Amino acid sequence: QVQLVESGGGLVQPGGSLRLSCTASATIFSIYTMGWYRQAPGKQRELVATLTTVGYANYADSVKGRFTISRDNSENTVYLQMNSLKPEDTAVYYCNAVYKYTYWGQGTQVTVSS
């Protein structure tokens, strides 16, 4: 069982930045493919970005060039740097870890509004 704890969400103005963090309780964090997903009110959960164990990153078209996913295996943490935020980025952001099984965090709210 892996527990994931997200942090870093909040209220930001359009054009602003936030960095989300997700820390995992996994004994061997480096074997997990990590990802960020989001769910806006009334919409399905969608992929934001994933990062494999060898550093391959994949992004949703809507966030390419604005968001960056990274990981620090020594800290059991994955990050999502979000720049040039737009109101349509408003959602609950969830951390995800995959290795044989899929694990989810509890989510952190990101609100982009003036």
Side-chain angles (χ1 to χ4, degrees):
Q1 187 75 11
V2 175
Q3 293 185 331
L4 304 172
V5 179
E6 302 103 331
S7 61
L11 173 64
V12 63
Q13 292 187 342
S17 298
L18 281 176
R19 188 176 82 154
L20 305 183
S21 300
C22 171
T23 301
S25 65
T27 302
I28 309 176
F29 176 75
S30 61
I31 65 174
Y32 289 84
T33 290
M34 301 301 298
W36 288 96
Y37 290 71
R38 67 186 181 187
Q39 187 166 17
K43 295 187 176 181
Q44 290 189 333
R45 191 172 297 188
E46 64 176 5
L47 168 74
V48 176
T50 59
L51 184 61
T52 70
T53 57
V54 294
Y56 176 79
N58 180 54
Y59 296 93
D61 288 342
S62 59
V63 306
K64 282 181 181 177
R66 300 188 298 122
F67 291 11
T68 302
I69 188 171
S70 61
R71 65 193 296 165
D72 184 341
N73 290 338
S74 68
E75 297 291 334
N76 280 21
T77 300
V78 63
Y79 303 97
L80 185 68
Q81 177 66 44
M82 306 186 295
N83 299 327
S84 302
L85 283 160
K86 304 175 181 180
E88 51 264 43
D89 295 319
T90 296
V92 178
Y93 283 71
Y94 296 90
C95 178
N96 162 280
V98 179
Y99 177 72
K100 294 186 179 180
Y101 301 99
T102 299
Y103 302 93
W104 293 93
Q106 83 287 351
T108 185
Q109 176 70 46
V110 172
T111 302
V112 185
S113 175
S114 55

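Heavy-atom basis, side chains included; hydrogens, waters and symmetry copies ignored. Predicted, not measured: the structure shown is a model, and the values here were computed from it.
Nearest heavy atom pair, residue Lys43 against residue Gln39, reads O-NE2, 3.1 Å. Considering all non-hydrogen atoms of both residues, Phe29 and Val78 come closest at CZ-N, 4.1 Å. Nearest heavy atom pair, residue Ala24 against residue Val2, reads CB-CG1, 4.2 Å. Closest of all the heavy-atom pairs between Pro14 and Ser114 is CD-N, 3.7 Å. Nearest heavy-atom pair across Met34 and Ala97 is SD-CB, 3.5 Å. Shown here for Met82 and Val110, the closest heavy-atom pair between the two residues is CE-CG2, 3.9 Å.
Linking Ile, Leu, Val, Met, Phe, Trp and Tyr residues whenever their side-chain heavy atoms come within less than 4.5 Å places Leu20 and Val63 in a single cluster. Follow the hydrophobic side-chain contacts under 4.5 Å out from Tyr79 and you never reach Val12; the two are in separate clusters.
Within 6.0 Å of CD on Glu88 lie more than 12 heavy atoms contributed by other residues, nucleotides or ligands.
By the salt bridge (charged side-chain N to carboxylate O under 4.0 Å, His left out) test, Lys64 is found to be paired with Asp61, residues two or more places apart in sequence or in another chain being considered. Residues forming a ring-ring contact (aromatic ring centres under 6.0 Å, His included) with Tyr103 (at least two apart in sequence, or on another chain): none. Considering only residues two or more places apart in sequence or on other chains, Glu75 meets the salt bridge (charged side-chain N to carboxylate O under 4.0 Å, His left out) condition with none of them. Remark: Ser113 engages Leu11, Thr111 in a side chain to side chain contact (heavy atoms under 4.5 Å, CB included) (not counting sequence neighbours). Among residues two or more places apart in sequence or in another chain, the ring-ring contact (aromatic ring centres under 6.0 Å, His included) test is passed with Tyr32 by Tyr99.
Identified under the salt bridge (charged side-chain N to carboxylate O under 4.0 Å, His left out) test for residues 12-40, with sequence neighbours left out: Arg38-Glu46, Arg38-Asp89. Listed by first then second residue, pairs satisfying disulfide (SG to SG under 2.5 Å) with a partner in residues 36-114 read Cys22-Cys95, not counting sequence neighbours. The disulfide (SG to SG under 2.5 Å) analysis of residues 32-69, with sequence neighbours excluded, yields no pairs. Residue pairs meeting the salt bridge (charged side-chain N to carboxylate O under 4.0 Å, His left out) criterion with at least one partner in residues 6-18, sequence neighbours excluded, are absent.
With 3.5 Å as the limit, one finds a donor-acceptor pair spanning the side chains of Asn83 and Ser17.
Hydrophobic side-chain contacts under 4.5 Å tie Val92 into a cluster, directly or through other members, with Tyr37, Leu47, Tyr94, Trp104. Here Val5 sits alone; no ILVMFWY side chain lies under 4.5 Å from its own, so it joins no hydrophobic cluster.
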Show me the side-chain donor-acceptor pairs of residues 51-60 shorter than 3.5 Å, one per line, residues at least two apart or across chains.
residue: Thr52; atom: OG1; partner: Val54; partner atom: N; Å: 3.3
residue: Thr52; atom: OG1; partner: Gly55; partner atom: N; Å: 3.4
residue: Thr52; atom: OG1; partner: Tyr56; partner atom: N; Å: 3.0
residue: Tyr59; atom: OH; partner: Ile69; partner atom: N; Å: 3.0

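Remark: side-chain polar atoms of Asp72 are not paired, donor with acceptor, to backbone N or O of Thr77 under 3.5 angstrom.
In this structure, the separation between OG1 on Thr102 and NZ on Lys100 is 13.5 Å, given to the nearest 0.5 Å. The distance from atom CG of Leu18 to atom OG1 of Thr108, rounded to the nearest 0.5 Å, is 9.0 Å. The CG atom of Asn73 lies 10.5 Å from the CD1 atom of Ile31; values are rounded to the nearest 0.5 Å.
Counting heavy atoms from C-beta on, the side chains of Thr50 and Val98 never come closer than 4.5 Å. In this structure the side chain of Gln109 reaches within 4.5 angstrom of the side chain of Thr90, judged on heavy atoms.
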